[in-house]
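Reading through the structure tokens given below for one structure.
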2 protein chains.
Amino acid sequence: MDALSVAQRKLMPEMSELLKKRYQILQTINFEQPIGRRTLSEIAGATEREIRKETDLLRNQQLIEMKTAGMTVTSQGLEVLEKLKVFVREMSGLTDMEIQLQTILGISNVVILPQDSDEILAVKSHIGKEAARLLETLFGRYEKIAVTGGSTMAAISKELSIGKPNRALQFIAARGGLGEDVLHQANTIASAFAEKTGGSFKTLYLPDHLSAEAFEMMMKEPVIKEMMDLYDQTDVVVHGIGNAEEMAVRRHSSLEEVEKIRSGGAVSEAFGYYFDKDGKIVYRIRTAGIQLEQVQNASTILAVAGGGSKARAILSYFKNAPNPTVLVTDEGAARKIIELTKKLEEL
Amino acid sequence: MDALSVAQRKLMPEMSELLKKRYQILQTINFEQPIGRRTLSEIAGATEREIRKETDLLRNQQLIEMKTAGMTVTSQGLEVLEKLKVFVREMSGLTDMEIQLQTILGISNVVILPQDSDEILAVKSHIGKEAARLLETLFGRYEKIAVTGGSTMAAISKELSIGKPNRALQFIAARGGLGEDVLHQANTIASAFAEKTGGSFKTLYLPDHLSAEAFEMMMKEPVIKEMMDLYDQTDVVVHGIGNAEEMAVRRHSSLEEVEKIRSGGAVSEAFGYYFDKDGKIVYRIRTAGIQLEQVQNASTILAVAGGGSKARAILSYFKNAPNPTVLVTDEGAARKIIELTKKLEEL
DNA sequence: TTCAATGGGATAAAAAACGTCCAGCTAGAA
DNA sequence: TTCTAGCTGGACGTTTTTTATCCCATTGAA
């Protein structure tokens, strides 16, 4: 942020919010084009009237066009989007926050995207896109990639660009179906990743909640064993981070499980492990899947989670997270994390 | 104007006007401090409500302070003023317009100040200040400076800074009293310049409208002759440019004179000469004073005139203006001049 | 051909901005 | 010292803008 911009903001403080809002609208149109007012207002988290006011202005500025099919971004609009990209980041203080988060979480790489995915639907896509881009840079060096489930992971798969097929890539479902919605299961995600990139995928199907004996037995099965070997060889792990209670509910966990999770003070969840606020493992779902040690042996770990509501979970998970982890998150989560940390320090 | 600012303006077109307005208000406060809302609203050409809204904001931004004596600019405010100075110029397109005016008027140096002195009283002071600064840079090299009358010239005298006295400077009234208000007579201005700079001054008192014989006689008088010699030695001429009819009225010219001026199609006036739209001399007041040839022999000529209403007069005068002339004007006049020139080209 | 989604138009209600006063205070002039 | 001009902050009815929702003709895809 140069001196000129600082002075500008000082003289026109209302500019910041306005610029961010318009930029986000323009960005979303670019993302979803062609799109209409109503749909846009849902995705962008604004009222129809507001969208209308702003899009009318954007059209007058020849940044977008309105056709009967919907609104599209013009080449001028694209240019503006490109030129202001870094500026909007700087202005939102994202660069500063990234450095703060790196210190707080004890990892060397954090990427923060503008706005809050809790409030604005489109932000989840932006997170997905950013994670997808990051992941793609790894494709040359690494081949075995383990992926978990969740809506965030699904967002990444949607944003993977369909380039020239890379047959060498192998996507491995990190867990079996954990009672989740099929669309968001690790197996589904792995297959989606493979489809987009032209690689192959390996799925893991195993019923939940096996008895100890049955579990032992299954682990000796060749199909399962093969998966466990693959986990050992995993180069890259891509995973989401969940809120402990939310996950328990979503997975229709048994009363017994829920009790353990709750009494243990679980805050976050990742790979089927539940962590408390200090990062200690409180509970783990006893089923086949990647083990924490195996995750830690991976060359690169990509953690993806956004929204202010995920702040506590992110903080919890990163208490003991492997160092090479890269976190992709959003402004909402980042601000909340910083706020929580400050409060903690004050005590 | 860099690409970032262009993109910013594209996305926030309302920003330009707002920035200019706030900048101007801040600048005016800095100029006139301490100053109250009402006085400010008169000088700045805005309603009290508007001034109130903006000054409240400026205070919240800690750019100004409000005390019982009035509003003053803080150090932060000064900083913002300094940092945005060039930007506001660029944004208003003043730099571009300066180049355009240089071509249109056929001179090598034009300085344009923001806004229109017809609308905003404070702009006249800004013009005066800029002209004063320019003039001060010449003090080292030149000593004999001829000045004319008029409110613009008075504005310059007000803005001359009181530095260390320079006894060598000699300010010469370019004309006698031409029936104008005493405060705006060349004689008064010359004395004001001298007082501010510590130099000396020479005045010329001669009744208007002398008969031809009396005039001839007077020209032989030593006092008058001395002045005429001084005009020959003049290094620098500083003068305003007036609207022909306006000047005729202000000088209480005789019906005969007014008729000559009107029938001749006079548009502009300078040094008592009236020029038509092609720069041709239509009429000259027969009285002692600097002659056009003497003006042309000066090393530097500083023409100062602002406000949209002066546009035609400026265009007229510069049709045959001496080349080393520097013009100090404002945005209002500049825009109008460019507009008029464009219309002329279209025909 | 049907149908869902689009931009544009319209309107009543709510909110913000505006113009204009006044009261009370203070600093500097008389 | 008193007086006065000029200042800020508060108030309030009026005007203008913004907002929340409709509806409608059109269009492009299923």
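Just so you know, these numbers use all the heavy atoms, side chains as well, and skip hydrogens, waters and symmetry mates. Below, read A as the first sequence line, B as the second, and so on, with proteins coming before strands; counting in each chain starts at 1. Just so it is clear, the model here is predicted, and its values are computed rather than measured.
Donor-acceptor pairing under 3.5 Å, judged by distance alone, is present between the side chain of B/R52 and the base of D/dG10. A donor-acceptor contact under 3.5 Å is formed by the side chain of A/R37 with the base of C/dG8.
In this structure, B/E65 places its CD atom 17 Å from C1' of D/dG9, rounding to the nearest Å. In this structure, the CD atom of A/E14 is 14 Å from the P atom of D/dT18, given to the nearest Å. Rounded to whole Å, the distance from CD on B/E48 to C1' on C/dC18 is 11 Å. B/R38 has its CZ atom 12 Å from the C1' atom of D/dG10, to the nearest Å. Spacing between atom CD of B/E54 and atom P of C/dG19 amounts to 12 Å, rounded to whole angstrom units.
For the OP1/OP2 pair of D/dT18 and a distance below 4.0 Å, the side-chain nitrogens and oxygens of A/K53 include no atom meeting the criterion. Between A/T68 and D/dG28, a side-chain N or O to OP1/OP2 separation shorter than 4.0 Å is present. At least one side-chain nitrogen or oxygen of B/T39 sits closer than 4.0 Å to the OP1 or OP2 atom of D/dC7.
Partner of B/S117 under the side chain to side chain donor-acceptor pair (under 3.5 Å) criterion, out of B/D330, B/T329, B/T152: B/D330 alone.
A donor atom on one side chain and an acceptor atom on the other are found under 3.5 Å apart for A/S151 and A/K124. B/E48 and B/S41 share no side-chain donor-acceptor pair at under 3.5 Å.
Residues A/E50 and B/P34 both approach DNA chain D. Their nearest nucleotides, taken by heavy-atom distance, put B/P34 toward the 5′ side. Sequence order on DNA chain D of the closest nucleotides to A/T47 and A/A69 puts A/T47 first from the 5' end.
Here the shortest heavy-atom pairing between B/V111 and B/E130 reads CG1-CG, 3.7 Å.
Looking at the side chain of B/M71, the nearest of the listed nucleotides C/dT6, C/dC21, D/dT8 is D/dT8. Taking every side-chain heavy atom of A/R49 into account, D/dT21 is the closest of C/dC18, D/dT21, D/dC23.
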